[in-house]
2 protein chains.
Amino acid sequence: MTQETAKPVRAPRRAPAVSRQAVLDAATRLIEEQGVAGLSMRKLAARLGVAVTSIYWHVGNREALVDELVQEMVHGLDTLAATGSDPVARVLSLATGLRRVLREHPHLIGLVNERGMTPAMFLPSQRALASEVASAGLAGPRAADAVRAVQYHVIGFVLVERHTDRSPEQRPSAEELWLAEPAADAALAGALATPVDADRLFAVSTEALVRALLTKQ
Amino acid sequence: MTQETAKPVRAPRRAPAVSRQAVLDAATRLIEEQGVAGLSMRKLAARLGVAVTSIYWHVGNREALVDELVQEMVHGLDTLAATGSDPVARVLSLATGLRRVLREHPHLIGLVNERGMTPAMFLPSQRALASEVASAGLAGPRAADAVRAVQYHVIGFVLVERHTDRSPEQRPSAEELWLAEPAADAALAGALATPVDADRLFAVSTEALVRALLTKQ
DNA sequence: ACCTGAACACCGTTCAAGT
DNA sequence: ACCTGAACACCGTTCAAGT
């Protein structure tokens, strides 16, 4: 869309200062270091040692650049295979793998969702999930519901946990709020006053969901 | 934090051009119209008919302004009561109500999560959920898991659905990708090639999750 | 107490011009 | 084909100064 291919001219030219791929790589590094807000065309140009306007020639504009990064991540989600013997275990292994991959791209994952690319991102794992759900005996719309429910659950969980466990002290923290007043069930209140163990909560909730979805009603 | 209270001087002064609350209200309207990215201090000032720097006197800076809006929304989440006879139905009514409230603030909800205010936002509904879960016979850590699992599920679902169903045509859409190749289960493939019905998916997945969580293992 | 304009250091993007 | 600087219209924020 940016580079129009003209008829090949054989005149010798000096090597390009940057390539399209170099721009994408530098942008990825910048985002990893400073977050999406830290990605600016000018910083990018400075890092690559070229004028800002060179960036525009290679990638169009900032919007298109980010779109490209999103596409790269979407295409990197192909390799997810189920393990385990029974259907529940196999679906759980897919869910866990999905969460692991998503957490490896903490900055990109939010972008993917913001741009409505979530369905595309999920396609490969969706095939795997569909296959497991089918072999668990579900079919048609009910199977589709199960597949999507697991997907929504996993990405939703990752989106929430990304921001929930990050800041060590909130104002006010759920802990102090729970401990401040008398509760009916002291043990429950105490448990809710404890910081969230995301790994355990994911395991518990996902297993409950998957088991319920795969059980014929 | 912004306004230091000095000893009351009784000298007559002309009425303030804007109030802190007027700034917050204008900011809310601006966000509703143009999204969070559309909120700029300069637009705000222009709308209120004052210099940009007046805004700073009232609310500190942009960060503090957004924080204030988040707090307003967090405090507006108190009124959620369970309905229904059995525990499952009552928890489901809370989950549904929670989703409804969250969807009424489409722009703020993402902000709340970004700022790690999710636990604070959930406190009121957390009490209600805890009460229902307790009366379903769960206690201690297991009850706490159930409460949190429902919370994560609901907010995660809302975060995902906000961006998934918005753009009518994606490139490539999940539909065409599914229809493009032969699948093992034609009915499943057909169902997955249909656009997501968010209301139904929420009902199905939430009921499955809640039922599994409340059932003693 | 409340508001102002000037100034600074940033942005993304377009354009005409170079080689 | 690829890169450049100048220019435009935006930002958030600080500061000294007004009343």
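All chains are named by letter (A, B, ...) in the order of the sequence lines, taking the proteins before the strands, and each is independently numbered beginning at 1.
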- line: Which of B:V36, B:L30, B:I31 passes side-chain contact (heavy atoms from CB on, under 4.5 Å) with B:Q34? Answer is B:L30

Flag the pair [X] and [Y] as a salt bridge only when some basic side-chain nitrogen lies within less than 4.0 angstrom of an acidic carboxylate oxygen.
| X | Y | value |
| --- | --- | --- |
| A:D199 | A:R99 | yes |
| B:E33 | B:R47 | yes |
| B:E63 | B:R115 | yes |

message: OP1 or OP2 of C:dC3 versus the side-chain N and O atoms of B:H58: is any pair under 4.0 Å?
response: yes

statement: In short, B:L65 meets B:M41 closest at the heavy-atom pair CD2-SD, 4.3 Å

- line: Separation between CD (B:E207) and OG1 (B:T96), nearest 0.5 Å, reads 10.0 Å

task: For the side chain of B:A51, starting at C-beta, report the closest nucleotide among C:dT4, D:dT4, D:dC3.
output: C:dT4

message: Under 3.5 Å for both donor-acceptor distances, Watson-Crick or wobble: does C:dC8 have a partner, and if so which one?
response: D:dG12

- request: Both distances under 3.5 Å, Watson-Crick or G-U wobble: report the partner of D:dA1, or none.
  value: C:dT19

task: Between protein and nucleotides 9-17 of chain C, map the contacts as a letter string: B base, S sugar-phosphate only, - none, heavy atoms under 4.0 Å, written 5' to 3'.
output: --BBBBB--

message: Rounded to whole Å, how long is the line connecting atom CD1 of A:I55 with atom P of D:dG5?
response: 13 Å

